[in-house]
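Input: a single structure, listed below in structure tokens.
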Amino acid sequence: MILFVLFFCSCSGNDKPIIDGGMEYFITKDNIGLFVENRNVFNYNQLDCQIAFNEKRKMIRLQSDNQMFYVNIVMSIFPKAKDDFINVIINYKTQTEKLNTSLEMSVVKIDNQKYWLWNDNSKMGIILPRL
């Protein structure tokens with residue numbers, strides 16, 4: 001019994017934390033919104049948020065009902081397949097942050113309802129609804 005406990009309590013030799021702001025952590029998330037270094041800076045909530053979609057402009061906007069907090073995403077193309085690269089312009093405003101950035105994102109995950117886009121340099125990810 002003692003050997004059993006020692007075996008399962010032994011160190012794996014990996015001192016690096018699993019959650020480091022990286023893509024592996026991001027793809028475990030399921031809620032629509034914007035993520036920056038493990039933080040969900042904008043979380044879409046069906047009860048008090050809206051989604052606006054403009055196919056011609058390739059734009060999706062997530063916003064609070066009072067429009068005080070938002071994430072505006074303009075894409076070079078809409079996501080189609082895993083590993084696609086998409087040029088994205090992101091504008092967002094929360095209670096404490098405001099940002100306007102342009103970057104290339106990779107489609108890292110797709111399911112029946114959502115797309116996960118990720119940029120490793122900025123540790124920024126977006127989970128978008130499939131419209």
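Residue numbers run from 1 in the order of the sequence given. Given the structure is predicted, the values throughout are model-derived calculations rather than measurements.
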How many angstroms lie between atom [atom1] of [X] and atom [atom2] of [Y], to the nearest 0.5 angstrom?
X     : Y      : atom1 : atom2 : answer
Glu24 : Trp118 : CD    : CH2   : 8.5 Å
Met23 : Lys123 : CE    : NZ    : 9.5 Å
Phe26 : Glu37  : CZ    : CD    : 13.5 Å
Asn87 : Ile77  : CG    : CD1   : 9.0 Å
Glu97 : Phe69  : CD    : CZ    : 11.5 Å
Thr94 : Asn43  : OG1   : CG    : 12.5 Å

Quick one: closest heavy-atom pair of [X] and [Y], and the distance?
X      : Y      : result
Ser102 : Ile89  : OG-CG1, 4.0 Å
Tyr115 : Lys80  : CE2-N, 4.4 Å
Ser106 : Phe85  : CB-CE2, 3.8 Å
Ile127 : Trp116 : CD1-NE1, 3.2 Å
Leu99  : Thr101 : CD2-CG2, 3.9 Å
Met105 : Leu117 : CE-O, 3.5 Å

Answer whether the closest heavy-atom distance between the side chains of [X] and [Y] falls below 4.5 Å.
X      : Y      : value
Arg130 : Ile110 : yes
Ser122 : Leu103 : yes
Asn40  : Lys29  : no
Ile90  : Val71  : yes
Leu62  : Cys49  : no
Phe42  : Tyr92  : no
Leu34  : Met124 : yes

Set out, in order, the CA-CA distance, both residues' side-chain angles and the distance that settles side chain to side chain contact (heavy atoms under 4.5 Å, CB included) for Glu55 and Leu131, then state yes or no.
CA-CA 10 Å; Glu55 187 173 6; Leu131 301 171; over 6 Å; no
Name the orientation class of the two ring planes belonging to Phe53 and Phe78 (parallel below 30°, tilted from 30 to 60°, perpendicular beyond 60°).
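Taking Phe78 first and then Phe53, their aromatic rings sit tilted (interplane angle of 30° to 60°).
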Go through it in stages, so that I can follow the logic: the residues are Asp65 and Gln50, the test is side-chain hydrogen bond (donor to acceptor under 3.5 Å, both in side chains), and I'd like the CA-CA distance, side-chain angles, deciding distance and then a yes or no.
CA-CA 6 Å; Asp65 284 342; Gln50 304 169 24; 3.3 Å; yes
Lys114 side-chain N/O to Asp30 backbone N/O, donor-acceptor pair under 3.5 Å
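Side chain of Lys114 to backbone of Asp30: a pair is present.
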Checking the side chain of Asn100 only, and the main-chain atoms of Asn91 only, is there a donor and an acceptor separated by less than 3.5 Å?
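Answer holds: no.
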If hydrophobic clusters are built from ILVMFWY residues whose side chains come within less than 4.5 Å, do Ile73 and Ile51 share one?
yes
Shared hydrophobic cluster, Val36 / Val88 (ILVMFWY, side-chain heavy atoms < 4.5 Å)
yes
